[in-house]
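Structure record follows, encoded as structure tokens.
Numbers restart at 1 for each chain; the letters A, B, ... are given by sequence-line order, proteins then strands. Because only heavy atoms are used, hydrogens play no part in the values below, and waters and symmetry mates are left out as well, while side chains stay in. Predicted model, so just to flag it, every value in this text is computed and none were measured.
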Amino acid sequence: MPELPEVETIRTYLAGVLPNHAVVRVPHLDGRMVKMGTMAAELIRGRLPGLVVQSIGRRGKYLIIQFHDGSALVIHLGMSGRLVVEPTTTSWRTHTHMVLGLPGEAELRLVDPRRFGRIGYFLEFGEHTLKLGLEPFDRKFTGDYLRDRLSARRSSIKTLLLDQSLVAGLGNIYADEALFGARIHPLTEGAAISRQASRRLVGSIRRVLRVSIAHRGTSFSDYVDALGQPGENQAYLAVYGRTGDPCVRCGAPIQSMVIQSRTSHFCQQCQPMLEDLEG
DNA sequence: CGCCAGTCCTGACAGC
DNA sequence: TGCTGTCAGGACTGGC
């Protein structure tokens, strides 16, 4: 499931091959995937050819193909989406929902079996087009900032970390990993997160994301990078998918429970529910 | 506004 | 072997 590190891995690759190249044709674009913006699939198909890629950006889990004319194609990979660059001579695999023809007999292809992904085209794309919270690596994302945003929230911190309008880019894997690193129980109420715990959490979020980016993302089931290669970060996960395994810190078995219809993984010993009086 | 339940979707897997 | 049921969950929608 592509979260920030996986999307960043794809972004890095595409940033090395797409800029200054034009979209030469759009042989396929499934209208059911166009779920953002106001332009329908057929209009997008007509509009893209000839547009020259200026840069490849990322905002949270969204990949942004920015064109020279100021417009942008925005792609979210959902649960099972893959974005790959393949030779025109190879056949499209099943569940291919978008194909952009590139110069040099190559195609950028979006494959997404579950169709949880989403596409949108924006004539003018700016910082506020996507309504998202701060980037985890933004200087403004500090312990104090997070503490302030959590202070009136009754939801669990696990739920809140998945709220993209609070901080953008975390999904189930890295939310669990970040809470383990910060020694915070996933059911802890947002308002109960102390200033000190909040600082630990910001540091932990950045650490788990940085480590995963260095390993080109986590491949659990579906994720592969734009070259079709799986990531390596799954070997470095402390809690996600390790239910019953010994905690890397204390040896106690990793627990799992469902929070807001998502499985959460944590160590009962290392992640106490009640925050200490840390101020 | 916050919070929650429902919705979308199909591959993988367990159990018979 | 082949069927059936269950599970995985990101982000949006609507109800309260």
Cation-pi check, A:R183 to A:F266: give yes when NZ or CZ is under 6.0 Å from the six-membered ring centre and within 45° of the ring axis, no otherwise.
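Geometry flag: not set, cation outside 6.0 Å or 45°.
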Over how many whole Å does the gap from [X] atom [atom1] to [N] atom [atom2] extend?
{"X": "A:L150", "N": "B:dG2", "atom1": "CG", "atom2": "C1'", "answer": "14 Å"}
{"X": "A:I259", "N": "B:dC3", "atom1": "CD1", "atom2": "P", "answer": "15 Å"}
{"X": "A:N172", "N": "C:dC7", "atom1": "CG", "atom2": "P", "answer": "16 Å"}
{"X": "A:M36", "N": "C:dC12", "atom1": "CE", "atom2": "P", "answer": "8 Å"}
{"X": "A:M33", "N": "B:dC8", "atom1": "CE", "atom2": "P", "answer": "16 Å"}
{"X": "A:L77", "N": "C:dG9", "atom1": "CG", "atom2": "P", "answer": "17 Å"}
{"X": "A:D163", "N": "B:dC3", "atom1": "CG", "atom2": "P", "answer": "9 Å"}
{"X": "A:H76", "N": "B:dC8", "atom1": "NE2", "atom2": "C1'", "answer": "14 Å"}

In this structure, are over 12 heavy atoms from other groups packed under 6.0 Å from A:R249 atom CZ?
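Buried by this count: over 12 neighbours within 6.0 Å.
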Neighbour count above 12 (heavy atom, 6.0 Å) for A:Y236 OH
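No - once you tally the heavy atoms of other residues, nucleotides and ligands closer than 6.0 Å, there are 12 at most.
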Does this structure show an ion pair linking [X] with [Y], if we count only N-O contacts that are shorter than 4.0 Å?
{"X": "A:D112", "Y": "A:R82", "result": "no"}
{"X": "A:E135", "Y": "A:R58", "result": "yes"}
{"X": "A:E6", "Y": "A:R11", "result": "no"}

Does [X] reach a base, just sugar-phosphate, or nothing at all? Heavy atoms under 4.0 Å.
{"X": "A:T159", "value": "nothing"}
{"X": "A:Q164", "value": "sugar-phosphate"}
{"X": "A:R115", "value": "sugar-phosphate"}
{"X": "A:K35", "value": "nothing"}
{"X": "A:Y174", "value": "nothing"}

OP1 or OP2 of [N] under 4.0 Å from side-chain N/O of [X]:
{"X": "A:Y240", "N": "C:dG9", "answer": "yes"}
{"X": "A:K61", "N": "C:dA11", "answer": "yes"}
{"X": "A:R153", "N": "B:dC3", "answer": "yes"}
{"X": "A:H95", "N": "B:dG11", "answer": "yes"}
{"X": "A:T263", "N": "C:dA8", "answer": "yes"}
{"X": "A:S155", "N": "B:dC3", "answer": "yes"}

Counting side-chain heavy atoms from C-beta on, which of B:dC3, C:dG9, C:dC12 comes nearest to A:R262?
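Of B:dC3, C:dG9, C:dC12, C:dG9 is nearest to the side chain of A:R262.
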Please tell me which of the listed nucleotides, C:dG10, B:dC3, B:dT10, lies nearest to the side chain of A:R154?
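Among the listed nucleotides, the one closest to the side chain of A:R154 is B:dC3.
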Side-chain-base donor-acceptor pair under 3.5 Å for A:R118 and C:dA11:
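A donor-acceptor contact between them is absent.
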Aromatic ring of A:F116 stacked on base six-ring of C:dG9, 5.5 Å, 30°
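Yes, the aromatic ring of A:F116 stacks with the base.
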Contact nearer the 5' end of DNA chain B, comparing A:L160 with A:S261
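With A:L160 and A:S261 compared, the 5'-side residue is A:L160.
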